[in-house]
Every structure is written in C-alpha cells, then in structure tokens.
Protein chains: 2
Amino acid sequence: MSHLDPKLADLKCGSCPIRHRAVCARCEADELQQLEAIKYYRSFEAGQPVIWSGDRMEFVASVVTGIATLTQTMEDGRRQMVGLLLPSDFVGRPGRATAAYDVTATTDLVMCCFRKKPFEDLMASTPHIAQRLLEMTLDELDAAREWMLLLGRKTAREKIASLLAIIARRNASLRAANTGGVRFDLPLTREEMADYLGLTLETVSRQMSSLKREGVIVLEGKRHVIVPDLDRLLEETGDDSDGGMLN
Amino acid sequence: MSHLDPKLADLKCGSCPIRHRAVCARCEADELQQLEAIKYYRSFEAGQPVIWSGDRMEFVASVVTGIATLTQTMEDGRRQMVGLLLPSDFVGRPGRATAAYDVTATTDLVMCCFRKKPFEDLMASTPHIAQRLLEMTLDELDAAREWMLLLGRKTAREKIASLLAIIARRNASLRAANTGGVRFDLPLTREEMADYLGLTLETVSRQMSSLKREGVIVLEGKRHVIVPDLDRLLEETGDDSDGGMLN
DNA sequence: TGGATGCCTTGACCCAGATCAACCCTCCCA
DNA sequence: TGGGAGGGTTGATCTGGGTCAAGGCATCCA
C-alpha cells in the first residue's frame, strides 16, 4: 500500500512489456533475464478472490493494473481491510507458505506473478532484489502505521476525508482542468470503504452526504468524486498540514 | 513489534556480548567484525525520549533490554501508539534521514546502535543483512496489520484481552508454577495502554477491573498480572482459537 | 414491463465508550 | 509530617457512531 513514486512507476523495465516498479526497478540485464524466466501474468475480474487466507501461496506478485484489497475477517464476520493494493504494489511474502489475508480483486485486475521458490533463490543470489523489497516493505509498514492512527483516533468524518485524500493523491495526474481541484472514480463500494475505515456502511454514506452538503466534495453519481479545493479536503483529515515528512 | 522467536532470541552472537537477534543472527565472522566496528550501546532511563518525530536520525538500532514505544501525535494532542519495541526488535530505516515517529523508553532501556551510513554500506555488500531485515520488517508489517483489525473492529474488552495476551505470549517463559497460567508485570501505564489500544485510560481501567472481577485475571498491585487460565483469556480476545497460522 | 438484485441513502433509536469529576493510594522530599 | 505529584479507580452523564428499518434508483434479465 506504499504510495506511488512517480519516478519509479514510470521506469520501463527492460524487455518487460508492462510498467511496474515491483521488482524490476534498477534491475540489470542478467537479473532481469532470470526474472523474466519465472514470471507470468494472471488476470481477475472485479469481485473475484485472488487467494484466501490460509491457502497455499505458490507465488509472489505485483499489481500491474486494477485494484486489490487485503482483508482480515473474524469468526463472527467482522471484517477489517488491512491493505489496498494499487498498481506497482507487491503481495506475498518470501519465506511463507500460506497467505495471511484474503486478497480480492475489487476492479478488473492484472498481476505479474513470480513463482515463489525460484524467486526466493534469485533473491538469495541478487542483493538488489532483497533491498528493493525491503524498501517497499518499509513503505508499506509506514502506511500501515499511518492507518493505525486513523483507525484508533480519527472521527468518522476525518476517516472519510483521509481516504478520499489518499485516493486523490494517487490520482494526482487527473487534475480537474485549470483549478486546484482533483476528480477521480472511487474504486470501492461504500461497504468496502467501511471495512477499510473501521466504520459501518451507513456511517460512510452519511459522512459522504455531509461532506457533499457542505461543498467539500461534489458527487457525480455515486462513484465519481470531484474535489473542488484539495486544501479544504486536507483540512478535514485531521493530519498535519504539511503533508508528512517522509524521507 | 514482531513476536519473539525464542530460538533466534537465544542465539548468542559470536563475540557480541549481548544476546539480540536484530542483525547478528546467522552472521558470519567477517560481517560480524564489520558490524562490531560500527556499533555502540546507548542507554535511556524510563520515561526518556529516544528521538522525536522529524529529528535527524543518525543510526539504526535494536533493543537489547527494556521496552520502547513508537507513537504518533496529532496537532490537537490525540495520540496513537503504533509500535511496541521489545528486546530484539529493530528501529530505524535505512535510507531515511529523519525519524517518522516519537520513540520513548517506557522502562530503562539499552539499545545497540549502528551508525547509519556505514550500516547502509554494509547492507549493500552483504545480502544476509538485507534479507534478515526484510524478514523482520515483514514480521512487523504482519503485527501492524493484526493491530489494524484490533483498532478497527474489536470491542474495548477484546482489545484489553488481546494486549494482555500479546504480553503474556512474549513472557511465556514466566509460567506460573505448575499450572496452565502465566504471570508478568505490565510494562505500560494505563494511559500508555489506552494510547496503544485506541481507548481512553478510564475505559482501560474499567475493563481491567471487569476482567479482574470475573476472574479472567488476578491483579497484584496495579501492574503485576496473573493469568490463571490462558485459554480463558484467549477466548476474550475475539481471535481465531488456533492462535494464527503464521509461516 | 415488471420484478429481482445490488448498491446507496436516510430516519429513528440505542448503547459502548468518551467526557467530566471526585477521590484513593503511594512515593518522594521539603 | 505533610503536601503534592503521578498513577489509578469509580461514578454520572453525554454523544458519535452502531443498529434496525424503510425506501430509492439503477441494471439486468424473464
């Protein structure tokens, strides 16, 4: 769930036909060749499960296009989303045999998979890859910790604003013409938003309505969001105004 | 905040006088020698800050003895603890110049520090170290995600029980004589527990009283906890009964 | 063309946990 | 030897967000 670094995202990876930063960034010819040999693509339709918690997991992968979610479920059905995988994000854990979370495609999804065993071997012999993965994992850890603050201490309104701000940031390219605003499609249903934010879907709906009523956002249909003034939205998140001090 | 692996924790690391698994586990003679050259110890008294969010951070480190916390604070003072560092846990991020969280010693604390720049150089030349760090970071990420479920979906009582269970697990060696129980000292004040669990200190106190009233725990003084029946406590956590399926 | 299904909204009510406040205990040191 | 600071408990009350329930609006097929 690390935030996209545009420089890395735009690296075209040698002969790899699709842009993604997961493992290829900075990779050199022979490493790349070895990666090519063990990689394959899989696609999923919106709504399909990628893997269930506890299943054997024979690969690690990175998202090429589309969006997937990681969720945990308690026996009584309470659900908490613990990660949102956007293009270039990585799933799977070298050294672990089974999946720890349910992974689901929320939109149509293409993933670039690497068979786990050869990937691990490759990692042992090429320090670049372990270092790159370490970097990405540390980004994810930071994102998870930011999310802990949200879950533990923010109000419902701040949670919604924070989620919108994150999606807006990842879609920063889609600026509304010549204004300080942004527009984007929500990739999540109200229920999925609730699962991510530790709320109920009714509360999500009410807070969206409230932000709309007060002009912080404009809704076109249920899913398309226009943020006329990004700073106004950021004020609602409860975060430090300076946007964080990562790196 | 990864959970202690007793096997690794007990590795005595070559000439390193103090047991900790942070970087030394499995290390070989020359790597070790290089690590030795850049390491030094620092100690802190209970309550002292180790570093503030935003400060320059010239080292990475692992906890040798004692307990430290990672916390985030919002401008209006709301606080959320995002990590609990127990002996053998690692702090700091190669490749980042400033600290992202407040780090505080909650008990007397000894840390084994490595100067950052030479540590990064060493990491670049010795794949073991990056891989070891990756493994540890993935453990922390899992722990963070488990905590997200707690913060987002568990009740106050389940949160308290979960925290007690985690501390009990890390102190599994201190089993109460010949019973299925465990005893340990709480390393946190009620307020720190609250900051960790996303609650207020009053709620923490009330739930502790309630667990005590119902015999799930016995309190000797404010801080010493006896868990007469660990399974009974685990039932209160809301978690899957099978204790998770890590690895 | 009409109902069924999925997704979303809104209202009425309730309750877990926050807030506000009083008080207790223990340790410290003036 | 007393008072004050730090930590903890408990009670009374309030409220944000959960729960329950009704209905709206697309889209999809029969």
Side-chain angles (χ1 to χ4, degrees), chain A residues 45-48 69 74 76-80 104 106-107 150-164 185-214 217-225 236 238, chain B residues 45-48 69 74 76-80 104 106-107 150-164 185-214 217-225 236 238:
Chain A
E45 283 171 31
Q48 272 192 329
T69 60
M74 298 170 67
D76 62 7
R78 282 176 279 175
R79 285 159 52 86
Q80 177 65 49
T104 313
T106 55
T107 64
L150 178 145
L151 290 171
R153 294 302 185 194
K154 289 191 178 179
T155 64
R157 166 179 268 247
E158 289 169 339
K159 286 177 176 183
I160 298 283
S162 300
L163 178 57
L164 294 176
D185 279 306
L186 280 175
L188 303 174
T189 66
R190 299 288 185 263
E191 186 175 19
E192 287 163 339
M193 292 173 68
D195 284 343
Y196 204 10
L197 298 169
L199 298 171
T200 60
L201 70 94
E202 292 94 331
T203 298
V204 170
S205 183
R206 274 187 253 272
Q207 294 297 334
M208 289 289 287
S209 299
S210 154
L211 288 173
K212 175 178 156 194
R213 206 177 311 122
E214 296 169 30
I217 59 174
V218 177
L219 286 176
E220 272 176 7
K222 316 282 186 194
R223 294 295 195 90
H224 194 79
V225 177
E236 298 285 351
Chain B
E45 284 172 29
Q48 272 191 329
T69 61
M74 298 170 69
D76 62 6
R78 281 177 280 175
R79 286 158 51 84
Q80 177 65 49
T104 312
T106 55
T107 64
L150 177 145
L151 291 171
R153 296 300 185 195
K154 289 190 179 179
T155 65
R157 167 179 267 247
E158 288 170 339
K159 287 177 175 183
I160 298 283
S162 299
L163 177 58
L164 293 176
D185 279 307
L186 280 174
L188 303 173
T189 65
R190 299 290 186 262
E191 185 176 20
E192 287 163 340
M193 292 172 69
D195 284 342
Y196 204 10
L197 299 170
L199 297 171
T200 59
L201 69 92
E202 292 94 329
T203 299
V204 170
S205 183
R206 273 187 254 272
Q207 294 296 335
M208 290 288 288
S209 299
S210 153
L211 288 173
K212 175 179 155 193
R213 206 176 313 121
E214 296 169 30
I217 59 174
V218 178
L219 287 176
E220 271 177 7
K222 316 281 185 194
R223 295 294 195 91
H224 194 80
V225 177
E236 298 285 350

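The sequence lines fix the lettering, A, B, ..., with proteins before strands; numbering per chain opens at 1. Heavy-atom basis, side chains included; hydrogens, waters and symmetry copies ignored.
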Is a donor-acceptor contact shorter than 3.5 angstrom present between the side chain of B:Arg190 and the base of D:dT10? no
Can you tell me how far the CD atom of B:Gln207 sits from the CG atom of B:Leu163, to the nearest 0.5 Å? 13.0 Å
d(CZ, B:Arg206; P, D:dG7) in whole Å: 19 Å
Between B:Arg153 and A:Leu199, is there a donor-acceptor pair closer than 3.5 Å when you use the side chain of the first and the backbone of the second? yes
Would you kindly give the CZ-to-C1' distance between A:Arg153 and D:dG16, to the nearest whole Å? 15 Å
Determine the contact category for A:Gly221: base if any of its heavy atoms lies under 4.0 Å from a base atom, sugar-phosphate if only primed atoms, P, OP1 or OP2 are that close, otherwise nothing. nothing
Using a heavy-atom cut-off of 4.0 Å across all strands, would you classify A:Ser205 as base, sugar-phosphate, or nothing? base
A:Thr200 side chain N/O closer than 4.0 Å to the phosphate oxygens (OP1, OP2) of D:dG18? yes
Here the gap from B:Ile160 atom CD1 to B:Arg206 atom CZ, rounded to the nearest 0.5 Å, amounts to 12.0 Å
Under a 4.0 Å N-O cut-off, is there an ion pair linking A:Arg78 with B:Glu158? yes
Which one, D:dG8, D:dC20, D:dT10, comes nearest to the side chain of B:Glu202? D:dT10
Donor-acceptor pair present, B:Arg223 side chain and D:dG7 base, under 3.5 Å: no
Can you check whether A:Glu45's main-chain N or O pairs, donor with acceptor, with A:Gln48's side chain at less than 3.5 Å? yes
In this structure, how many angstroms lie between the P atom of D:dG17 and the CD1 atom of A:Ile160, rounded? 10 Å
If I take atom CG in residue A:Leu199 and atom C1' in nucleotide D:dG18, what distance separates them, rounded to the nearest angstrom? 10 Å
Please report the distance, rounded to the nearest Å, between CG in A:Leu219 and P in D:dC25. 16 Å
Give the rounded distance in Å between these two atoms: CD of B:Glu191 and P of D:dG6. 11 Å
Under 3.5 Å, side chain of A:Ser209 to main-chain N/O of A:Ser205, donor-acceptor pair present? yes
Span of DNA chain C, from the first to the last nucleotide whose atoms fall under 4.0 Å of chain A heavy atoms: C:dC8 to C:dA12
A:Arg157 CZ - D:dG16 C1' separation (whole Å): 13 Å
Just to verify, which of A:Leu197, A:Leu151, A:Asp195 counts as forming a side-chain contact (heavy atoms from CB on, under 4.5 Å) with A:Gln80? A:Leu151
Could you tell me the separation between the CE atom of B:Met208 and the C1' atom of D:dT10, rounded to a whole number of Å? 15 Å
If you check every side-chain atom of A:Thr155, which of D:dT19, D:dG8, D:dG17 has the closest atom? D:dG17
